[in-house]
Amino acid sequence: MPALPFPVVALIMALTGAVLVCGFAPFSWWGLTLLCPAILYAFIQGRSGRDAFSFGYVFGLFYFGFGVSWTYNSIHEFGHAPVLLSAVLVALLVLALALFPALTAALYSWLRRDRAVDLWGVLAFATLWVLFEWVRGWIFTGFPWLLIGHAHHSSPLQGILPLLGSLGVSWVALLISCLLTVLVLGSSRHRLIGAASLVPIAAALLIAGQVKWTTPQKEVLSVALVQANIPQELKWDRAQKRHILGKYLQLSEAHQDADIIIWPETAIPAYYASVKDTFIPELEKISAAGDVDFLVGLFTHDPDSGRVYNSVMTLGEEQSFYAKRHLVPFGEYIPLRNIASFLADYIVLPMSDMSSGAGRPLVRLKGHFAGASICYEVVYGDEVIEAMPEARFLINVSNDAWFGDSLAPHQHLEIARSRAIETGRYLLRATSTGISAVIDPGGAIVRQSAQFQEEVVRAKIRPHTGLTPYSRWGDSAIIAILSGIFLIICLHRWYTLRSAEH
């Protein structure tokens, strides 16, 4: 490829990063997740580490700048932070996230400087990209949003999800992406090898897509997901509390024929202790009259420690609780409180002093264990599978009203679809304003709600048993594989440099 001037390549990188966002929901043009990384890969060939870092950084700025633009909605429109402060906080987030593709490109350039486009390069770039996706998933509590693998819940790469999870799918997608670049830019020999390499990948994808890792039980459960469509600006208004609770009761009474009724995250905007003798008995009456189990979101409080938890509780055949463990920084707690507490003076955070729960994410409904996650927790595949193997189905409750009419609710649902496939379980997703959905073990949406409408999503599900490889090993399997490959690549580089010296 002829070397284009720096500004031209930077512009191409900006457009490529922005277009990559369309590979994810609500657009879901997953082919772009193969094309866009291939363009970045092509343009960093033979470039210095500084140029590669710059191109990767521009790519990342537009990728995340458009992809997580919804964070502005949460901070400004619903957190009521000033426009300038909101813009600065979002900019800082994007500037930090853009470092990951930049470091991928720079480290690739260091490993492969002045070398031909070949299979070693393909392995190096794909492996580095996914290792940095993994790091992004845990550093500073993690932000594993917009992983390439999340876009492939309905693509031919879907069969890799129950094997190696979203990171594994990212790696296979990047291998294909880079091999396409080899077919365009490689020598005749490398093009032939690249084309031949696609054959076993295609065969593996075909075989993986046919395997059923889990087994449905004979029992069929009828579920109802209640979406009361409570606007965020009313949710924490104490004058609206009775109205909100009454609406959830009214919607639930019309669906007492269900086996399980699920309310969203913090559907009850109060502490359990303050409603257990007043409102909870009303709910128990509906439960007893229809022989229906409930799962509802609310807050719990430990009077001894003073800690407050974002929780869900079940009632009906038995009562159980789960408290959210992975909290949202600046949303549910203030990290580095002594330094950053000043933000509380500018951002309205109704419940920003939460504590993390403990224990495994399991609750019981209709005699079955269910894997519970609250809002943002569903983006962490390694945490969701902690409910395995006992969990017969998964539940995710969320208050996506925080995101408004943005990309986030669609992206959030897309990630939940990946979790269903990874575990081979139905996933029931109840949200306050949408998108609520019942997702089958293959990632298909059985039923879903419209956004910003009062609605109850009804469907029938089957509890599942068995373990997928991903449920058994989590991300450790793919990280072990990639770490080994990275070590081999480094040794290969050392060997070739040493040979050249002699």
Side-chain angles (χ1 to χ4, degrees), residues 1-4 9 12-13 16 19-20 22-23 29-47 52 55-56 59 101 104-105 107-109 111-131 133 147-149 151-161 163-164 166-211 478 481-482 484-493 495-496:
M1 174 180 289
L4 297 175
V9 179
I12 294 171
M13 292 300 97
T16 303
V19 168
L20 177 55
C22 295
W29 301 334
W30 57 263
L32 292 174
T33 65
L34 305 180
L35 176 62
C36 294
I39 294 173
L40 172 61
Y41 179 62
F43 276 97
I44 62 174
Q45 299 303 318
R47 291 282 187 169
F55 295 154
F59 178 96
T104 299
L107 191 51
Y108 172 83
S109 175
L111 286 171
R112 301 294 302 166
R113 180 81 185 276
D114 296 329
R115 302 202 180 278
V117 178
D118 60 9
L119 292 186
W120 282 106
V122 167
L123 274 175
F125 187 81
T127 299
L128 288 169
W129 181 292
V130 180
L131 285 174
E133 279 195 338
L147 303 186
I148 293 296
H152 290 276
H153 50 77
S154 300
S155 85
L157 277 65
Q158 181 201 68
I160 303 298
L161 282 167
L163 281 168
L164 296 171
S166 295
L167 291 175
V169 176
S170 290
W171 186 57
V172 175
L174 265 294
L175 287 176
I176 295 171
S177 177
C178 295
L179 284 171
L180 294 177
T181 305
V182 171
L183 295 181
V184 175
L185 300 181
S187 64
S188 298
R189 175 172 168 268
H190 286 129
R191 288 178 185 179
L192 183 61
I193 295 173
S197 299
L198 288 171
V199 174
I201 293 176
L205 294 176
L206 183 62
I207 295 170
Q210 303 304 312
V211 179
I478 185 64
I481 292 169
L482 297 184
I485 291 172
F486 180 68
L487 178 60
I488 291 170
I489 291 170
C490 289
L491 290 173
H492 178 262
R493 181 181 186 274
Y495 177 78
T496 53

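Values below: every heavy atom of this structure, side chains too, minus hydrogens, waters and symmetry copies. All residue numbers refer to positions in the sequence shown, counting from 1.
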So which atom in His153 and which in Leu161 form the shortest heavy-atom distance, rounded to 0.1 Å? CA-CD1, 4.2 Å

Which of Phe55, Trp129, Phe59, Phe125 passes ring-ring contact (aromatic ring centres under 6.0 Å, His included) with Tyr41? Answer is Phe125

Do the side chains of Leu482 and Leu128 get nearer than 4.5 Å, heavy atoms only? no

Judged by atom type as modelled, is there a donor-acceptor pair below 3.5 Å linking the side chain of Ser170 to the main-chain atoms of Gly149? yes

Considering all heavy atoms, the nearest Leu123-Trp171 contact: CD2-CZ2, 4.1 Å

Look up atom CD1 in Ile485 and atom CH2 in Trp120, then write down how far apart they are to the nearest 0.5 Å. 9.5 Å

Any residue meeting side-chain hydrogen bond (donor to acceptor under 3.5 Å, both in side chains) with Thr104, in chain and number order, not counting sequence neighbours: none

Could you tell me whether the side chain of Ser109 and the main chain of Ala105 form a donor-acceptor pair under 3.5 Å? no

For the side chain of Glu133 and the backbone of Leu167, is there at least one donor-acceptor N/O pair under 3.5 Å apart? no

Heavy-atom pair with the smallest gap, counting every atom of Ile201 and Ser197: CG1-O, 3.5 Å

Looking at every non-hydrogen atom in both residues, tell me the closest pair between Gly23 and Leu32 and how far apart they are. N-CD1, 4.0 Å

I'd like to know if Arg112 and Asp118 make a salt bridge, using a cut-off of under 4.0 Å between side-chain N and carboxylate O. yes

Quick check: do Trp30 and Pro156 have side-chain heavy atoms less than 4.5 Å from each other? yes

Hey, is the main chain of Ala52 close enough, under 3.5 Å, to the side chain of Arg47 for a donor-acceptor pair? no

Indicate the atoms forming the closest heavy-atom contact of Leu185 with Ala42, along with that distance. CD1-CB, 3.7 Å

Tell me, do Thr16 and Leu40 make a side-chain contact under 4.5 Å, heavy atoms counted? no

Side chains of Leu198 and Leu183: closer than 4.5 Å at any heavy-atom pair? yes

Paired with Val169, the side chain to side chain contact (heavy atoms under 4.5 Å, CB included) test is passed by just one of Ile478, Leu157, Leu164, namely Leu157

Closest heavy-atom pair, Ala208 versus Leu163, reported as atoms and distance to 0.1 Å, is CB-CD1, 4.0 Å

For the residue pair Ile148 and Leu34, establish whether any side-chain heavy-atom pair is separated by less than 4.5 Å. no

Going through the distances and angles, do Ile39 and Thr181 end up as a side chain to side chain contact (heavy atoms under 4.5 Å, CB included)? CA-CA 8 Å; Ile39 294 173; Thr181 305; over 6 Å; no

How many angstroms lie between CD in Gln158 and CD1 in Ile160, if you round to the nearest 0.5 Å? 10.5 Å

Does any part of the side chain of Leu174, heavy atoms only, come nearer than 4.5 Å to the side chain of Pro37, both counted from C-beta? yes

Using side chain to side chain contact (heavy atoms under 4.5 Å, CB included), reason through His190 and Leu119 one step at a time and then give a plain yes or no. CA-CA 8 Å; His190 286 129; Leu119 292 186; 5.8 Å; no

With rounding to the nearest 0.5 angstrom, report the CD1 to CZ distance, Ile489 to Arg493. 12.0 Å

For Ala38, is there any backbone N or O sitting under 3.5 Å from a side-chain donor or acceptor partner on Ser177? yes

Does Thr127 use its side chain to pair, donor to acceptor, with the backbone of Ala124 at less than 3.5 Å? no

Any Leu487 side-chain heavy atom under 4.5 Å of Leu491 side chain: yes

